[in-house]
Amino acid sequence: MNPNNQPSKEKKVYKVLTIKEWEEASEMGQIVTELDQQDGFVHLSSATQLNMTLSLYFSDEEKVVLVEINESDIAEGLSYERAEKRGGEFAHFYGELSTDKISQSWHLDRSAFSLPEEVMLEAEQN
């Protein structure tokens, strides 16, 4: 417990998937994308990195699925590494990422991909 008598806030990471990637993940029970396989790890974003991730990598998609994962659930394979292309530290997960690690998911429509309110609040609080 923290001094305000509120439970400590769980840190979260996010993964954006195309509809096809989401359907495949749902069928297989694993989150596997072509880019992740190519790079050897699962690319994840913090709440503050999501807008740029959506803009850079999903601008051609009309709909995507945003999944939220509690860091503590994947701590063993999670690493923060500098991304030269974008600068800054990004979460990378090494290993198989099971869909049962997803704590929440949202289907986002292109209206500039409006992020869910709770995700935007997470971004503001960090």
Side-chain angles (χ1 to χ4, degrees):
M1 287 280 198
N2 65 23
N4 297 332
N5 292 328
Q6 293 181 3
S8 60
K9 192 158 169 38
E10 174 75 46
K11 196 165 179 197
K12 299 165 185 344
V13 290
Y14 300 90
K15 177 74 175 166
V16 181
L17 299 166
T18 65
I19 297 300
K20 183 178 184 226
E21 290 168 342
W22 172 248
E23 289 169 352
E24 289 171 358
S26 298
E27 285 177 26
M28 294 183 342
Q30 299 280 86
I31 297 172
V32 180
T33 70
E34 196 173 306
L35 179 63
D36 294 342
Q37 285 183 315
Q38 185 180 329
D39 290 347
F41 57 85
V42 178
H43 291 267
L44 301 166
S45 297
S46 68
T48 57
Q49 295 165 333
L50 275 174
N51 280 332
M52 187 60 75
T53 296
L54 287 165
S55 177
L56 288 174
Y57 303 104
F58 297 92
S59 61
D60 292 339
E61 301 296 326
E62 287 301 314
K63 295 175 183 257
V64 296
V65 176
L66 174 65
V67 300
E68 176 184 83
I69 301 164
N70 293 324
E71 272 193 357
S72 61
D73 292 340
I74 59 169
E76 200 169 296
L78 188 62
S79 177
Y80 278 86
E81 298 168 332
R82 180 153 181 81
E84 294 305 320
K85 186 175 180 180
R86 286 177 62 183
E89 299 281 314
F90 282 81
H92 296 157
F93 180 76
Y94 291 87
E96 293 184 355
L97 185 53
S98 172
T99 54
D100 68 4
K101 301 294 185 196
I102 296 170
S103 58
Q104 200 165 353
S105 67
W106 301 269
H107 282 73
L108 306 181
D109 292 324
R110 167 149 304 284
S111 57
F113 288 129
S114 318
L115 292 175
E117 185 176 317
E118 57 263 48
V119 176
M120 290 189 287
L121 286 172
E122 170 81 14
E124 288 181 4
Q125 293 169 3
N126 288 323

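Scope of the values below: all heavy atoms of this structure, side chains included, with no hydrogens, waters or symmetry mates. The model shown is predicted, which means the values in this text are computed figures rather than measured ones.
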side-chain contact (heavy atoms from CB on, under 4.5 Å) involving Thr99 - partner list, sequence neighbours excluded: Ala25, Ile31, Ile102

Would you indicate whether the side-chain heavy atoms of Val67 and Val65 approach each other to under 4.5 Å? yes

How far does OG of Ser72 sit from NZ of Lys12, to the nearest 0.5 angstrom? 8.0 Å

Please identify each residue that fulfils salt bridge (Lys or Arg N to Asp or Glu O under 4.0 Å) with Glu27, with sequence neighbours left out. none

May I have the step-by-step check of side-chain contact (heavy atoms from CB on, under 4.5 Å) for Glu71 and Leu78, ending in yes or no? CA-CA 8 Å; Glu71 272 193 357; Leu78 188 62; 3.7 Å; yes

Steps toward side-chain contact (heavy atoms from CB on, under 4.5 Å) verdict (Arg86, Met52): CA-CA 9 Å; Arg86 286 177 62 183; Met52 187 60 75; 3.1 Å; yes

Short question: side chain of Glu61, backbone of Asp109 - any donor-acceptor pair under 3.5 Å? no

Say whether Phe90 and Leu56 are linked into one hydrophobic cluster, either directly or through other cluster members, by side-chain heavy-atom distances under 4.5 angstrom. no

Under the side chain to side chain contact (heavy atoms under 4.5 Å, CB included) test against Ser45, which residue among Leu54, Val13, Thr53 passes? Thr53

Measuring from Ser98:OG to Ile74:CD1, what's the distance to the nearest 0.5 Å? 11.5 Å

Gly95 to Val42 - nearest heavy-atom pair and separation: O-CG2, 4.3 Å

With a cut-off of 6.0 Å (strictly less than), are more than 12 heavy atoms of other residues, nucleotides or ligands near CD of Gln37? yes

How long is the span from the CG atom in Asp73 to the CG atom in Asp100, to the nearest 0.5 Å? 9.0 Å

Take atom CD of Glu76 as the centre, draw a 6.0 Å sphere, and report whether it contains more than 12 heavy atoms from other residues, nucleotides or ligands. no

Applying side-chain contact (heavy atoms from CB on, under 4.5 Å), name anything that partners Gln104, two or more places apart in sequence or on another chain. Glu68, Trp106, Glu118

For Thr33, side-chain contact (heavy atoms from CB on, under 4.5 Å) partners two or more places apart: Lys15, Leu17, Glu21, Leu35, Asp36

CD1 of Ile19 to NZ of Lys63: how many Å apart, nearest 0.5 Å? 7.0 Å

Please, which pairs that meet ring pair (Phe, Tyr, Trp, His ring centres under 6.0 Å) have at least one residue in residues 66-89, sequence neighbours excluded? none

Is the number of heavy atoms from other residues, nucleotides or ligands under 6.0 Å of Glu96 CD greater than 12? no

Mind checking what makes salt bridge (Lys or Arg N to Asp or Glu O under 4.0 Å) contact with Glu24, not counting sequence neighbours? Lys20

Report whether Val64 and Leu66 are members of the same hydrophobic cluster (ILVMFWY, side-chain heavy atoms less than 4.5 Å apart, transitive linking). yes

Measure centre to centre between the rings of Phe41 and His43, then say whether the value is under 6.0 Å. yes

Begin with the C-alpha distance, continue with both residues' side-chain angles, and end with the deciding distance and a verdict on side chain to side chain donor-acceptor pair (under 3.5 Å) for Ser46 and Gln49. CA-CA 5 Å; Ser46 68; Gln49 295 165 333; 3.3 Å; yes

Ser55 side chain to Asn51 backbone, donor-acceptor under 3.5 Å: no

Is Trp22 linked to Tyr14 within one hydrophobic cluster, defined over Ile, Leu, Val, Met, Phe, Trp and Tyr using a side-chain heavy-atom separation of less than 4.5 Å? no

